[in-house]
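Numbering of ligands and ligand atoms starts at 1, following listing order. Because the structure is a prediction, the values reported are computed rather than measured.
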Amino acid sequence: MSQHSHALNESIGSTVLGYPRIGPRRELKKALESYWAGRIDSDELQATAAELRRTTWEKLAASGLDSVPGNTFSFYDQMLDTAQLFGAVPRRYRHLSTTDAYFAMARGRDDLAPLELTKWFDTNYHYLVPELSPETRFALTTDKPIAEYREASALGIVTRPVLPGPLTFLLLAKAAPGSPSGFQPLDLLDGLIESYAELLSRLADEGVAWVQLDEPALVADRTPAELRALEHAYTRLSALPSRPRLLVAGYFGRLGDALGVLAGTDVEALAVDLVSDERALAEVSTERKLRDKTVVAGLVDGRNVWRTDLRAAVSTAAGLLGSVRDLGVSTSCSLLHVPYDLDAEHDLEEPLRRRLAFAEQKVAEVVTIGRALREGPEAVAGQLSAADEATRVEGRRDDQVRARLAALRPEHRARASFERRADAQRRRLGLPELATTTIGSFPQTGEVRAARAGLRTGRLDAAEYTTAMRTEIERVVRLQEDIGLDVLVHGEPERNDMVQYFAEQLDGYAATEFGWVQSYGSRCVRPPILHGDVSRPRPMTVDWSTYAQSLTDRPVKGMLTGPVTMLAWSFVRADQPLAETADQVALALRDEVSDLERAGLRIIQVDEPALRELLPPRRDRQQEYVEWGVAAFRLATSGVADATQIHTHLCYSEFGDVITAIDALDADVTSLEAARSNMEVVQDLAGIGFGRAVGPGVYDIHSPRVPGSEELRTSLAAAVAALPAERLWVNPDCGLKTRRYPEIEPALRALVDAAKAARQDSATESRR
Ligand SMILES: Nc1nc2c(c(=O)[nH]1)N[C@@H](CNc1ccc(C(=O)N[C@@H](CCC(=O)N[C@@H](CCC(=O)N[C@@H](CCC(=O)O)C(=O)O)C(=O)O)C(=O)O)cc1)CN2
Ligand SMILES: [Zn+2]
């Protein structure tokens, strides 16, 4: 027995890098939202959390994995947990209790801004950005990883605590507002290392054998100084006299130069992602310094839902055996990004179903690969041939779509010059300068969601549902008229989600029933599965948009989700280049755009909030991505007359890296998130001579705070200083679906006031 556990301590064997935590039925989401609303107390919240941790550990232990990850639970986010663990709590939250400070950093309070929320690499998960300053003093302040290790041990389960590594923690942090200009979070490395050291030594005291430090920031291009910092950090941590063995995980791409740096330190093990970048395998097999390391091969895709070609994975692993001291097998990254369990789905049809694996099924795949390596492929012959069969099944083929794609010419992706379009649109639309609009969605009220749930359960029939939605659309149109907005929207009440809604109506796409994946905090999405050739059997939005336009003389914007975002927020087929899949989606959207135009919609918005998100982490892959992304957007939007105005909307990111791509989209009007970055993006656009119209968001919809009209005027003035008023629009940062009416009504009235005032200023200016 003791010999056996000794062997386990030495090697990792089969494992996964992380697991979902929201609960198979979103138990954590429900508990959190009840706690925030005061319906349950903290004991009840803790009990739900403990139960979720227990079932996860027990399931993973029973599945046959050799090493079970620990500390993968989080009430909100693992970066936030780590900030609190090491005492990186900005001063403004320090008067609060540990729990209150935690949720205040996550969500803000009436008088207290939250930490910034941003995308976790190229996924649809969002983390909280630690705010660090030269005054930050790290100190081990909570004991979450230790407590969870003990909790699992009490159940008889040995876990491997997982947390972000020091480099990733600092590289993803930002300088707190007011920090000296030369300051960067990486300056704090030495202090942070001391806190990691203290944690590691306490974990060693607990008897922890292995700790996993996640360093996904290393799969992007890193400067020599950052690589030196990496070497310094892991040289220091691996030299600690008393510590668990260290597994450093780099995922979402290949480690590149960081691989040799890490392999040159005394850490025991590296986890590498052999799925995201086909160049990773060669890198790993030729790195001689790995010969005395454990390498955990990420062979099962942790962020897509396709079944693994097990025979290929086993042979890749076998090929690595000679290049490393000890080989483990795992997922490419945490399973946080996929749904829990395929077996929960009842409406997925064959043969698609047979091609899929969710988190539970992926765990079984890892176990199978591990057994094949240890006992030989004969031991798992049945599983291997089932996987052979499943991975040979091809996606639905649509020859008509393929023929249309083959016939595309450059003119299908080009419109007349912007000047000519702008002129035609000015005459047709007659809008004022600094025209006001919103981004599309209005608050998703309880009634709206209840109506959608009613349609699902049969409480409402289709006609009753349509009436309920039309009533909502009319209410939203009248409200916008009353507020005095220039360009209206129908409010998107009929959409459960801006991607899923379209996926449900397209052929080649499947939706899930329980396939929830955490997006941020308690918010989840159900990414649809794009499994075959995509086509549009019938118009998707025309009835709703036409109805809205029939209610008013003001222009109503048609509202669609663009091809890049449709891919980014779905699980996408891996059997053909993304560029081709994007063009198929773009063709379906192009037809929808034409139908909307024919139905009399004069303005059509095609949202691309995920444009920045899909940008590959390595620069040498970025150009190719931008080219196909832009090409697909243009295919979707360039089938219209000069006088039809195309809008796009981008949010959730720093746009610096994609500014020329935004230009290349060639939309007539681009609305962007800008409120929280002081309109910086307007200057960036002015800087590249962006010639088309821009709607920098002046109202931060991510916060419940209602901005005053003075504040909005200040933001607008900053925009007007950078770009001419006739090319500026006035709008919020993003859609209003997550807000409530008492917040958005006064905010939109203030926005219209601010635009009117700015028009007056600009008129006075031009008379001078
Ligand atoms: N796909 C996607 N990715 C995105 C975004 C996005 O909008 N979509 N935005 C950014 C992230 N922001 C997000 C913002 C909000 C939510 C969000 O509010 N999600 C909802 C679920 C939305 C949804 O699918 N709603 C469905 C089903 C809702 C539901 O839970 N229904 C109940 C019953 C109905 C009820 O009473 O609520 C049930 O099934 O139990 C609907 O409205 O029809 C949630 O977590 O609560 C998610 C992400 C970036 N990534
Ligand atoms: Zn948005």
Side-chain angles (χ1 to χ4, degrees), residues 22-30 32-34 36 107 117-120 122-127 337 339 344 438-441 443-457 459-460 465 468-469 472 489 492-504 509 511-530 559 561-562 564-571 605-614 647-653 655 670-676 695-697 699-702 731-740:
I22 200 77
R25 290 293 179 275
R26 291 183 297 160
E27 290 83 352
L28 181 60
K29 170 200 176 67
K30 287 163 198 164
L32 280 169
E33 290 175 1
S34 301
W36 295 331
R107 314 172 62 229
L117 187 71
T118 200
K119 291 266 173 180
W120 178 245
D122 56 348
T123 75
N124 197 3
Y125 176 78
H126 304 63
Y127 72 95
H337 312 288
T438 62
I439 305 304
S441 57
Q444 284 262 334
T445 59
E447 286 109 86
V448 166
R449 274 201 295 267
R452 209 168 15 259
L455 179 68
R456 258 199 329 270
T457 59
R459 190 176 49 76
L460 294 186
Y465 178 73
M469 292 300 124
E472 178 70 9
V489 296
E492 306 177 27
E494 78 288 5
R495 302 187 187 178
N496 42 17
D497 173 82
M498 60 185 288
V499 166
Q500 190 183 349
Y501 176 76
F502 290 96
E504 283 171 358
Y509 246 128
T512 66
E513 202 176 343
F514 298 107
W516 295 102
V517 174
Q518 188 179 23
S519 184
Y520 65 88
S522 70
R523 297 285 183 169
C524 301
V525 294
R526 263 178 303 172
I529 301 169
L530 195 169
M559 193 61 61
T561 302
V564 173
T565 301
M566 287 298 295
L567 264 52
W569 295 352
S570 303
F571 295 117
Q605 180 171 311
V606 179
D607 293 323
E608 284 292 20
L611 184 71
R612 168 67 182 77
E613 177 178 319
L614 277 197
H647 289 214
T648 191
H649 163 71
L650 312 173
C651 58
Y652 284 113
S653 53
F655 301 109
T670 303
S671 68
L672 310 105
E673 177 175 322
R676 276 192 291 187
Y699 157 32
D700 173 12
I701 64 90
H702 299 102
N731 47 259
D733 252 352
C734 189
L736 306 169
K737 65 186 168 198
T738 55
R739 297 263 66 84
R740 295 174 318 113

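- Around the Zn ion (ligand 2), protein N, O or S atoms at less than 2.8 Å comprise His649 NE2, Cys651 SG, Cys734 SG.
- The protein residues lying under 4.0 angstrom from ligand 1, judged by non-hydrogen atoms, are Arg26, Lys29, Lys119, Asn124, His126, Arg449, Arg452, Ala453, Arg456, Asn496, Asp497, Trp516, Ser519, Tyr520, Ser522, Arg523, Cys524, Val525, Arg526, Trp569, Tyr652, Lys737, Thr738.
- Without hydrogens or angle criteria, Asp607 side chain to Leu650 main chain gives no donor-acceptor distance under 3.5 Å.
- Counting only distance, with no hydrogens or angles, the side chain of Gln605 and the backbone of Ile439 share a donor-acceptor pair below 3.5 Å.
- Between the side chain of Ser519 and the main chain of Cys524, no donor-acceptor pair closer than 3.5 Å is present.
- Between the side chain of Thr561 and the backbone N or O of Met498, at least one donor-acceptor pair lies under 3.5 Å.
- At least one donor-acceptor pair under 3.5 Å links the side chain of Glu608 to the backbone N or O of Val564.
- Under a 3.5 Å cut-off, the side chain of Lys30 and the backbone N or O of Arg25 do form a donor-acceptor pair.
- Annotation: cation-pi geometry not satisfied between Arg612 and Phe655 (NZ/CZ under 6.0 angstrom from ring centroid, within 45° of ring axis).
- Listed for the Arg452 side chain is a donor-acceptor partner under 3.5 Å among the backbone atoms of Pro493.
- Proximity of a side-chain donor or acceptor of Arg526 to a complementary backbone N or O of Gln500 within less than 3.5 Å is not detected.
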